[in-house]
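What follows is a single structure, written as C-alpha cells, with notes after it.
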Amino acid sequence: MSDKVRVRFAPSPTGGLHLGGVRTVLFNYLFARQHQGTFILRIEDTDQSRFVSGAEEYISECLKWCGLHPDESPEKGGPYGPYRQSERKAIYRQYAEQLVQEGHAYYAFDTPEELEQKRRQIPNFQYGHMFRSEMRNSTSLPKEEVKQLLDSGAPYVVRIKMPVGETISFTDMIRGEVSFETGLSDDKVLLKADGMPTYHLAVVVDDHLMKITHAFRGEEWLPSAPVHLLLWKYLGWEDDMPQWAHLPLILKPDGNGKLSKRDGARLGFPVYAMSWTDPASGEVIPGFRERGFLPEAFINMLAMLGWNDGTEHELFSLDELVEKFSLGRVSKAGAKFDFEKAKWFNTEWIKKLEENKLRTYVEEVFAQNNISVPDRDKLGVVIGMVKDRCHLLTDFVLQGGYFFKSPESFDLDAVKPKWTEQKEEFFRSFAQILLEHRSLSSHELEEKFKELATEKGFKIGEVMLPYRIMLVGGKFGPAVFDITKLIGEEEAVRRIDTGLGAIGA
RNA sequence: GGUCCAUUCGUCUAGGGGUGAGGACGCAAGAUUUUCAUUCUUGAAACAGGGGUUCGAUUCCCCUAUGGACUACCA
C-alpha cells in the first residue's frame, strides 16, 4: 500500500444529496486534506433500474457549492478512471469468476420469483449455508447440469459462499474493535444477472484498483462489513485493505430513525444540500442552499454533528476544520438533527463572513427576488446595517430590500387607529424640511424631527413609528434617519406621500 | 425474530474513579435599543436501571431496559 492517503465518496446517483451524504463527503475531504491526500468522487451507478438522469451532475454541483472539490472524479478524470462504475462493468466479472474458481463464490440460477416464494414459505429465509443446498446453484446441482445451464445461456448470479463458524473482526477507526460471526450473514449476490456487480463486489474491487487507503461510510453499512472483509481476503488483497470508519447516523429530530427527506417535508426544513427536482414527477424537494444557508455555515453545522475539537469552540471555517479534525473525536452514537441549531450556525456565519463574500451571496438572493442593485458600495453599507437581524440569506430580502425598492405594502395596524389630521400635517411639514435641508446628517435630521414633534405636541414615539413604517413597510429595521439618508431625501418624501395615502385610504 | 452498534440537560455535546458534572442551541426572566433584531446578565434543565470492583463510581466490568442500523439480483 502506498503511503499516500486516498479516500473516496461513492454516492449512488438516484436523487437529491442528503445531509448525511454531505457529512460523509466532508469527513472524507477533511481527512484527505489533512494528510495531503487525494479525495475521489466515484459514482456507484450499478443499479440501472434506479438510474435518474441529472443526479450525477447535481451531486457534482452540490460538492462545488460546499467547496468540497474532488481531485479525481468522472468530470475531472484521473489516473484510476473511469470513475463511473457503469463504465467499469467489464472489470468486475473476472474477479467474480476468480472467486468461483477458488471456491469462494458460486453460480446461482434461482429466479427472482423462486426466491420470493422461498421467502414467503420460510419466515426468516436467508440464502446462506442453511438453505444453500436446497437452492439451484453450482454447489447443489450436478456439475453437468451447471455446465449445461451455463452453456444454454440461462440467467444466473454469482453469490459469495459465506463460511460458517469463523469470527471476523476489524478495527474501525471510530468504534474500535468490531466482530462478526460469518455464518450469520447470507450469501450476498456479487454479480447480478445483468452482468453488473452489486455494491459489495464493486466497492471492494474499485477500492482496491483505486488504491483507497481509508474508507468512510455510514453506519448502515456495518452489518455488511464482514462480506467486504472476506472479499478483500479471498481476492488476495488483504494487505492493502483500507482502514474502515463507519460514521454515526443523522437521526430524525423527533421520534427515532434515520433522517429522511419526508421528515424535512413534515417538519418544514430541508434535508438535501441543494433543492432537487425529480425528473419523473417534477416534484421539487427543497435544499439548504435555496433556504438561504451559507455553504460555510452548512459545512460547519455538519462537522459539529458528531464531532468536536474538545474545546468550547463551535465556529470553524473549512480550513480550520482541516487543521483540527480528528477521527478519534467523532462520536459513536447517532445525532438527532436540530434545525434551530443549524439556523444558529448560519446566523453566526452571516455575522462572521468576510464582507465581500457575503455581499456576493446577498446579490444573488436579491437578483432572484427582482431587487436590482445599481450600487455595490451601497449594498455593502446596507448589509452592515441589517445583517444583525438576518438568520438566513433570504432574510436580506425583507431586511434590506427596501433600501433599493419602495415597500409594496405597509403594516398599518399599529398606526391607523391612532391616526389624526395633525399627524398628517406633521409629516407634510417634515417632508418640507427634508427637501429643504439635504445636507443634514442623520443625527441632525433626528434633532429636526424631534423639534418638530415637540412643537406640534407629539411624543416622539407617536410619529417615529409611523415614519418607520412609511419608509420600510413594517416595524423593523435600523435607525430611521440612517435609512432616510441612505435612500435619499427625495425617495423618503415619496415614501411619506405614498404612506400618507395608504393610511388615509 | 436474528446480528451488530449505541445510551450525560428537550437537542448537539465536554468531562472522566473524589467535579458546584462544563459549553452551545432552544426556552424563561431582566438590562440596553423611542421599531425589530443584535448584545449583555441571570435562571430552569442531564450522567437509563440493577448488580458488582473500589474507601469512593456518572466514569471500570456484567446484566437488563431502551433506541438505532441491517437482514434485496438497492446502495
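Order of the sequence lines sets the chain letters (A, B, ...), proteins ahead of strands, with each chain counted from 1. The shown structure was predicted, so the numbers you read here are calculated from the model rather than taken from an experiment. Hydrogens, waters and symmetry mates play no part in the numbers below; they use all other heavy atoms, side chains included.
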- Starting from P on B:C9, measure out to NZ on A:Lys336 and report it in whole angstrom. 10 Å
- Heavy-atom side-chain proximity of A:Trp232 to A:Phe170 below 4.5 angstrom: no
- Query: Starting at CD1 of A:Ile168 and ending at P of B:U3, how long is that distance when rounded to a whole Å?
  - Reply: 18 Å
- Query: Got a sec: does the CZ of A:Arg329 have more than 12 other heavy atoms crowding it under 6.0 Å?
  - Reply: yes
- C1'-based separation of B:U66 from B:C73 [nearest Å]: 36 Å
- Query: Does B:C25 have a Watson-Crick or wobble partner in any strand here, with both distances under 3.5 angstrom, and which is it?
  - Reply: B:G10
- Message: Tell me if the aromatic rings of A:Tyr107 and A:Tyr156 count as close, with their centers under 6.0 Å from one another.
- Response: yes
- Separation of B:C4 P from A:Leu249 CG (nearest whole Å): 18 Å
- Would you classify A:Gly477 as touching base, sugar-phosphate or nothing, given that sugar-phosphate means primed atoms plus P, OP1 and OP2, and contacts are heavy atoms under 4.0 Å? base
- Would you indicate which nucleotide in B:A37, B:A14, B:C25 comes nearest to any side-chain atom of A:Asn308? B:A14
- Message: Under the side-chain contact (heavy atoms from CB on, under 4.5 Å) test against A:Leu259, which residue among A:Leu19, A:Leu249, A:Leu267 passes?
- Response: A:Leu19
- Message: Can you see if the side chain of A:Lys192 gets near the phosphate of B:A75 - specifically, an N or O under 4.0 Å from OP1 or OP2?
- Response: yes
- Please state the P separation for the pair B:U7 and B:G15 - nearest whole angstrom. 13 Å
- Task: Name the residue closer to the 5' end of RNA chain B, choosing between A:Gly306 and A:Gln399 according to the nucleotide with the nearest heavy atom.
- Result: A:Gly306
- Message: Under 3.5 Å for both donor-acceptor distances, Watson-Crick or wobble: does B:A45 have a partner, and if so which one?
- Response: none
- Query: So which nucleotide from B:A69, B:A24, B:A6 ends up closest to the side chain of A:Trp344?
  - Reply: B:A24
- Message: Between A:Lys258 and B:C70, is there a contact of a side-chain N or O with OP1 or OP2 at under 4.0 Å?
- Response: yes
- Classify the nucleic acid contact of A:Arg329 as base, sugar-phosphate or nothing, counting any heavy atom under 4.0 Å across all strands shown. sugar-phosphate
- Query: If we take the C1' atom in both B:G10 and B:A72, what is their distance in whole Å?
  - Reply: 38 Å
- Base, sugar-phosphate, or nothing for A:Ser179, non-hydrogen atoms under 4.0 angstrom? sugar-phosphate
- Query: When you compare B:A37 with B:A31, how far apart are their P atoms, in angstrom units rounded to a whole number?
  - Reply: 16 Å
- Message: Counting only side-chain heavy atoms from C-beta out, which of B:G23, B:U39, B:A75 sits nearest to A:Glu44?
- Response: B:A75
- Using a heavy-atom cut-off of under 4.0 Å over every strand shown, decide if A:Thr14 touches base, sugar-phosphate, or nothing. nothing
- Should the ring pair A:Phe481 and A:Phe449 be called parallel, tilted or perpendicular, given that the plane angle runs from 0 to 90° and is split at 30 and 60? perpendicular
- Query: Would you find a donor on one side and an acceptor on the other, under 3.5 Å apart, between the side chain of A:Asp207 and the backbone of A:Val204?
  - Reply: no
- Message: Does A:Met464 reach a base, just sugar-phosphate, or nothing at all? Heavy atoms under 4.0 Å.
- Response: base
- With a 3.5 angstrom cut-off on both distances, give the Watson-Crick or G-U wobble partner of B:C55, or none if there isn't one. B:G18
- Item | Proximal nucleotide (of B:G68, B:A75, B:G26) relative to the A:Glu340 side chain | B:G26
- Query: Quick one: which of B:C5, B:U71, B:A14 gets closest to the side chain of A:Glu219?
  - Reply: B:C5
- With a 4.0 Å cut-off on heavy atoms, is A:Lys351 in touch with a base, just the backbone sugar-phosphate, or nothing at all? sugar-phosphate
- Query: For the pair made of CD in A:Glu462 and P in B:U35, what is the distance, rounded to whole Å?
  - Reply: 14 Å
- Query: Taking the side chain from A:Arg468 and the backbone from A:Pro478, do they hold a donor-acceptor pair closer than 3.5 Å?
  - Reply: yes
- Reckon A:Asn124 touches a base, only the sugar-phosphate, or nothing at all at heavy-atom distances under 4.0 Å? base
- Please work out if A:Pro253 contacts a base, only the sugar-phosphate, or nothing of the nucleic acid, heavy-atom cut-off 4.0 Å. nothing
- Message: Starting the side chain at C-beta, find the nucleotide from B:U11, B:U13, B:C74 nearest to A:Ser331.
- Response: B:U13
- Message: Checking contacts here: which listed nucleotide (B:C25, B:A37, B:C5) is nearest the side-chain heavy atoms of A:Lys341?
- Response: B:C25
- Task: Could you tell me whether A:Lys343 contacts a base, only the sugar-phosphate backbone, or nothing, with contacts defined as non-hydrogen atoms closer than 4.0 Å?
- Result: nothing
- Message: From the set B:C36, B:G10, B:A75, return the single nucleotide nearest to any side-chain atom of A:Arg389.
- Response: B:C36
- Taking any strand in view, what nucleotide pairs with B:U3 in a Watson-Crick or G-U wobble way, both distances under 3.5 Å? B:A69
- Message: Checking contacts here: which listed nucleotide (B:A14, B:C25, B:U35) is nearest the side-chain heavy atoms of A:Arg468?
- Response: B:U35
- Query: So what does A:Asp194 hit on the nucleic acid, given a heavy-atom distance under 4.0 Å: a base, only sugar-phosphate, or nothing?
  - Reply: nothing
- Message: Taking only the C1' atom of each, what is the distance from B:A46 to B:U13 in whole angstrom?
- Response: 12 Å
- Query: Within the side chain of A:Ser140, is there an N or O that forms a donor-acceptor pair under 3.5 Å with the backbone of A:Met135?
  - Reply: yes
- Message: Taking B:U71 as the reference, what is the distance to B:C61 when you measure between their C1' atoms (whole Å, please)?
- Response: 31 Å
- Message: Mind checking if A:Gln126 touches a base, just sugar-phosphate, or nothing, with heavy atoms under 4.0 Å?
- Response: sugar-phosphate
- Task: Determine the contact category for A:Val157: base if any of its heavy atoms lies under 4.0 Å from a base atom, sugar-phosphate if only primed atoms, P, OP1 or OP2 are that close, otherwise nothing.
- Result: base
- In whole angstrom, give me the gap between the C1' atoms of B:G23 and B:C9. 12 Å
- Item | Nucleotide nearest A:Tyr199 when distance is taken to its side chain, options B:A75, B:U35, B:A6 | B:A75
- Query: Can we call the ring centroids of A:Trp349 and A:Phe293 under 6.0 Å apart?
  - Reply: no
- Using whole Å, report how far CD of A:Glu312 lies from C1' of B:A21. 13 Å
- Using the C1' atom as the reference point in each nucleotide, state the distance between B:C40 and B:G49 in Å, no decimals. 42 Å
- Message: Need one value for A:Ala335: base, sugar-phosphate or nothing, where a base atom within 4.0 Å counts as base even if backbone is also close, heavy atoms only.
- Response: sugar-phosphate
